[in-house]
Amino acid sequence: MPRTDFSTWQRETLERFAREVADENLQLRADVRTALDGYRAEVREQLTEKKNEEN
């Protein structure tokens, strides 16, 4: 994968790109958090069901 030479970018373009990447990163982090919370809830539910079956 070729590397980008950011030193050739105009400052305004670089600032816009940095803001867009930061915004996308925040959205990805939120998506991962939502997925992780859902996964944990599912595992918790399965463990609770298993424990109830054993009693």
>> Test: salt bridge (charged side-chain N to carboxylate O under 4.0 Å, His left out). Region: residues 25-38. Which pairs qualify, not counting sequence neighbours?
In response: R33-D37

> Got a sec, which pairs hit ring-ring contact (aromatic ring centres under 6.0 Å, His included) with one end in residues 29-55, sequence neighbours left out?
Replying inline: none

Please list, one pair per line, the donor and acceptor atoms closer than 3.5 Å that link side chains of residues 42-52 to other protein atoms, with sequence neighbours excluded.
unit_1	atom_1	unit_2	atom_2	d
E42	OE2	Q46	NE2	3.1
T48	OG1	R44	O	2.9
N52	ND2	T48	O	3.3

I'd like a table of donor-acceptor pairs (distance under 3.5 Å, sequence neighbours excluded) in which one partner is a side-chain atom from residues 4-12, with atom names and distances.
unit_1	atom_1	unit_2	atom_2	d
D5	OD1	S7	N	3.2
D5	OD1	S7	OG	2.5
D5	OD2	S7	OG	3.3
T8	OG1	D5	O	2.8
R11	NE	E15	OE2	2.9
R11	NH2	E15	OE2	3.4

Could you tabulate the donor-acceptor pairs under 3.5 Å formed by side-chain atoms of residues 18-25, not counting sequence neighbours?
none

